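None of the values given here were measured: they were computed from a predicted structure. What's counted below: heavy atoms across the whole structure, side chains too, no hydrogens, waters or symmetry copies. Letters go in sequence order (proteins before strands), and every chain restarts at 1.
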Amino acid sequence: MEFKEIEKKWQKKWREMPELYKAKDFEGNKFYVLNEFPYPSGSGLHVGHAFSYTAGDIYARFKRMQGLNVMFPMGYDAFGLPTENHAIKTKQKPQDVTKKNTANYRAEMDRLALSFDWCREVNTTDPDYYKWTQWIFIKLFEKGLAYKQEMPINWCPSCKIGLANEEVVNGKCERCGTEVSRRNISQWVVKITDYADRLIDGLKDTHFIERVKQVQINWIGKSEGAKINFKLQTSNFNIKELEVFTTRPDTLYGATFMVISPEHALVSQLVETHDRASLQKDIKDYVEQARKKSDMERTELAKDKTGVFSGLYAINPVTNKEIPIWISDFVLASYGTGAIMSVPAHDERDREFAEKYNLPIVPVYDENNKVINSEMWNGLSQEEAIKKAILYIKEKGIGEGTNNYHLRDWIFSRQHYWGEPIPMVNCPVCGWVPEKEENLPIVLPEVEAYEPTDDGQSPLSKIESFVNCTCPKCGGAAKRETDTMPNWAGSDWYFLRYMDPHNNSKLVDFDILKYWGPVDVYIGGDEHNTLHLLYSRFIYLFLYDLGLFPKEQPEPYDMRVSHGVILGPDNQRMSKSHGNVIVPGEVADKYGVDVLRMYLMFMGPFDGTMAWNEKTLMGVKRFIDRFEKAIVDYQLKVASDSSDDVKVIINKTIAGVSKDLNEFGYNTAIAKMMECMNKLQSSNFNLQINDIKKLIKLMAPMAPYLADELFEKYNEGSIHSQKWPEAEEKYLTEDEVTVMVAVNGKVRDQIKLQSSMINLQKEVVEMAKNTEKMKDLLANKEIIKEIYVPGKMVNFVIK
RNA sequence: GCCGCUGUGGUGAAAUUGGUAUACACGUAAGUUUUAGGAACUUAUGGAGCAAUCCGUGGGGGUUCAAGUCCCUCCAGCGGCACCA
């Protein structure tokens, strides 16, 4: 049969077996395989999806055949800008666009024979789903982890819309390329920084690959140090002292000036009240300039430091000297306190600044790294001095040891239509009040126009019936929040909902989570190792702290695996503009799904970057054709008995393939199948029924259509519910082993011996010494040493 | 600059605890068959040499009977972060 008929036939049959891929709560040993769910775009599945999902599918099928109760679910992360824009452009409802796209995705995924349990499908745009996304937000608010704040956001003046950081590429709007500016908008912010330490420490409880752990740790960017207060020398301002963060409190004696960022609160007070007119103008100009600079310019101009003297002084708390306060944009308002103590002797940036503006430089370490010029700490090492310094500032009440993080709080508001409404109500009497739980979900109203508004407000703000509501607390007239949530909100916790997708009273049942959690393997792309994975872990930790989850499950994902990237045939990233896009559906049309799947897995190591190569694909196709023909031949002339040689080949293959599949070594697993078939075919063996079945089973996870087609003959039901073959230990070692014989580490000869002999060192060495070749080589030579590695090698060290 | 990763044939890549380097596949060459089509099959294929043999895992050094694998150092490439105090 043609592959197309085979595919059609089995798709139909599988559909008629609803139990085949079903994950059943509480039945046996569970295994949870998770692939990142897709954003259902209009262009359908791309090769990256096919690659990553096939990998997950093989793993799920493999574990299922090994007798585990596998959950392998799929859903859609469907809120977001692309759908909204497409809907606006084509004058459709985003709801309808989503429906169309998800239906298309589903059909394509079925064709790829992905063994998802569709009973557990979730969709982030489904009100029954986002009810719980909103519920999580309310919990965050109740615990003080969500607050509203005026914050500068990225504003695209052309699209007239606020952009998320990830929507800004090189300072420009991702969609239209217009330079992004800053705008202050009142926004919901989530305090992820409260969990910074937990997000680092929790990694210890996981088996993420090291690279992923590192990326997360770097992203959080923890620095240990101290906060220190410097008193201002004047008392003309509300602000009486400057607080700084430093990782080097031990260099306090070398702090000869201070620098504050142009956005610092002290600067605005200065501009208003400064008594020296000329200085005031300089400051105003400088602050104005800094504001105009985009983030990009600020970093591009990083090489050349600029600044202006504030006219103010602070007191160094240990030297009691007056030190000048400068204003410069090399100090970031968003990190630490927006103010630093400058130690030009021991910080490159401070030195650069000091040299440019002729500020004093006082070293506090000598060439042996011992403290100098620091009275009470002189002679100490850096480590000791830091300890002493922290104790000292605490004792004197001028500061304390503390940590700082790169991680910032999470801006949670989007001024778009196509997202989860934030379930908050602004009451003139009560302030911000969360919607009552029984009123959830706050459903996104279907409206005529989705276009963003001129003033940067969500289109929802124009819908009076949505905006006007009553306060859940006092019952008075109030206004609903019209911002929606970011994409991440729905994808933070979807893996929990798969476990219990139809629960109306809870996000997820405790006992069900206890059974299914944590996710055993999470397969995803490197691009999600920071934001998505971090946000998701944060939300899990937060819900865990609410006592909703079992104590023994402090982390949501046990293992994280990064899939690789597939480049176009030209070794470039696939993109429409390069014209190098490979569409998986077209490949499947041409060669069949099994060929596509196996080729994707054979291309290279699972996490590698690989270029599409049609020739290699042909090689895989050849193999699959050869495999099919071979099995059909074997089935026609079944052997009643088979040699140990055959048993050894097959059992070694079983052991090797099982091990490789378990470690995502798909490329080598396939190579082992090829090697096995090469060996069997070159010797013209006939196989027994059981061995034929085993071979088909080994192929089943990778080539599900062909495998079921070949297995149909036996009338035992689908191969995908069969038991994975076990390697028989006695066939894993051959009767005869080859031992290499080397002289001075160079292999010169080999001997064959019965495997029962491998531990008889004396005899083996004697044998090795007395082969024709070795006799020659060792004649008249003095053997200094004889080394025998059982079953592998004999090495003679001679003079 | 900092952190992480990777350097193996013409190409994609394999190599338990250090123990036959280049499995598997592509490409190439010769042959078989003659197929209307992306062909199929067989054999060969790291380099040098007639050969014995020698040389070969980015460069240099080291540990070891033995190094692709461990240590030091340098070089190149990839990814992430980046004026983070």
Tabulate protein N/O versus nucleotide N/O from nucleotides 29-35 of chain B, keeping only pairs under 3.5 Å, one per line.
none

Taking the P atom of each, how far is B:A82 from B:C72, in whole Å?
30 Å
Closest-nucleotide mapping onto RNA chain B: is A:Asn678 or A:Ser223 further toward the 5' terminus? I mean the 5' end.
A:Asn678
Would you mind telling me which of B:C24, B:U20, B:C81 lies closest to the side-chain atoms of A:Met674?
B:C24
Audit row: A:Tyr788, A:Asn795, side-chain hydrogen bond (donor to acceptor under 3.5 Å, both in side chains) steps and yes/no:
CA-CA 6 Å; A:Tyr788 176 53; A:Asn795 188 17; over 6 Å; no
Name the nucleic acid region contacted by A:Val789, choosing base, sugar-phosphate or nothing; use a 4.0 angstrom heavy-atom cut-off, strictly under.
base
The side chain of A:Asp329 is closest to which nucleotide in this list: B:C83, B:U20, B:A23?
B:C83
Go through B:G19, B:C3, B:G4 for me and flag the one nearest to the A:Met793 side chain.
B:G19
Walk me through it: do A:Phe51 and A:Phe606 pass the test ring pair (Phe, Tyr, Trp, His ring centres under 6.0 Å)?
CA-CA 9 Å; A:Phe51 177 66; A:Phe606 180 60; 5.7 Å; yes
Output yes when a side-chain donor or acceptor of A:Asn404 lies under 3.5 Å from a complementary backbone atom of A:Ser223, and no otherwise.
no
Mind listing the side-chain donor-acceptor pairs of residues 738-752 of chain A below 3.5 Å, one per line with the distance, residues two or more places apart or on another chain?
unit_1	atom_1	unit_2	atom_2	d
A:Asn744	OD1	A:Ile798	N	2.9
A:Asp749	OD2	A:Thr771	OG1	2.9

Strictly distance-based, threshold 3.5 Å: is any side-chain N or O of A:Asn316 a donor or acceptor partner for the main-chain N or O of A:Ala255?
yes
What N/O pairs connect the protein and nucleotides 63-68 of chain B at under 3.5 Å? Give each pair on its own line.
unit_1	atom_1	unit_2	atom_2	d
B:C65	OP1	A:Lys785	NZ	3.4
B:C65	O2'	A:Asn795	ND2	3.3
B:C65	O2	A:Asn795	ND2	2.6

Under the 6.0 Å and 45° cation-pi test, does A:Lys213 pair with A:Phe208?
no
Between N or O atoms, less than 3.5 Å apart, protein on one side and nucleotides 9-16 of chain B on the other: list the pairs.
unit_1	atom_1	unit_2	atom_2	d
B:G12	O2'	A:Met603	O	2.8
B:A14	OP1	A:Asn667	ND2	3.2

Parsed dot-bracket for RNA chain B after applying the Watson-Crick and G-U rules with both distances under 3.5 Å and | for other-strand partners is (((((((..(((......[....)))((((((.......))))))(((....)))..(((((..]....))))))))))))....
Could you pull out every donor-acceptor pair under 3.5 Å between side chains of residues 620-633 of chain A and any protein atom, sequence neighbours left out?
unit_1	atom_1	unit_2	atom_2	d
A:Lys621	NZ	A:Asp625	OD2	3.1
A:Arg626	NH1	A:Asn678	OD1	3.1

Residues in contact with RNA chain B, drawn from residues 592-599 of chain A - heavy-atom cutoff 4.0 Å:
none
Sequence-distant partners of A:Asp645, salt bridge (charged side-chain N to carboxylate O under 4.0 Å, His left out), two or more places apart:
none
Pairwise P distance, B:U8 and B:A15 [rounded to whole Å]
15 Å
Here the gap from A:Ser261 atom OG to A:Asp329 atom CG, rounded to the nearest 0.5 Å, amounts to 9.0 Å
Any salt bridge linking A:Glu766 with A:Lys769? Criterion: basic side-chain nitrogen under 4.0 Å from a carboxylate oxygen.
yes
Which glycosidic conformation, syn or anti, is assigned to B:G9 if syn requires a torsion within 90° of zero?
syn
Got a salt bridge between A:Arg560 and A:Glu36, using NZ or NE/NH1/NH2 to carboxylate O under 4.0 Å?
yes
Tell me whether A:Lys356 is salt-bridged to A:Asp304, with the criterion being a basic N under 4.0 Å from an acidic carboxylate O.
yes
With sequence neighbours excluded, tell me which residues meet salt bridge (charged side-chain N to carboxylate O under 4.0 Å, His left out) with A:Lys590.
A:Glu614
May I ask you to say what A:Tyr405 touches in the nucleic acid, namely base, sugar-phosphate or nothing, with a heavy-atom cut-off under 4.0 Å?
nothing
Give the nucleotide from the list B:C24, B:C54, B:A85 with an atom nearest to the side chain of A:Leu332.
B:A85
Distances under 3.5 Å between protein N/O atoms and the N/O atoms of nucleotides 40-46 of chain B, please, pair by pair.
unit_1	atom_1	unit_2	atom_2	d
B:A40	OP1	A:Arg622	NH1	2.8
B:A40	OP2	A:Arg622	NH1	3.1

Could you pull out all residues at least two apart from A:Asn651 that satisfy side-chain contact (heavy atoms from CB on, under 4.5 Å)?
A:Lys647, A:Ile654, A:Ala727, A:Glu728, A:Tyr731, A:Leu732
side-chain contact (heavy atoms from CB on, under 4.5 Å) against A:Pro360, all qualifying residues, sequence neighbours excluded
A:Thr256
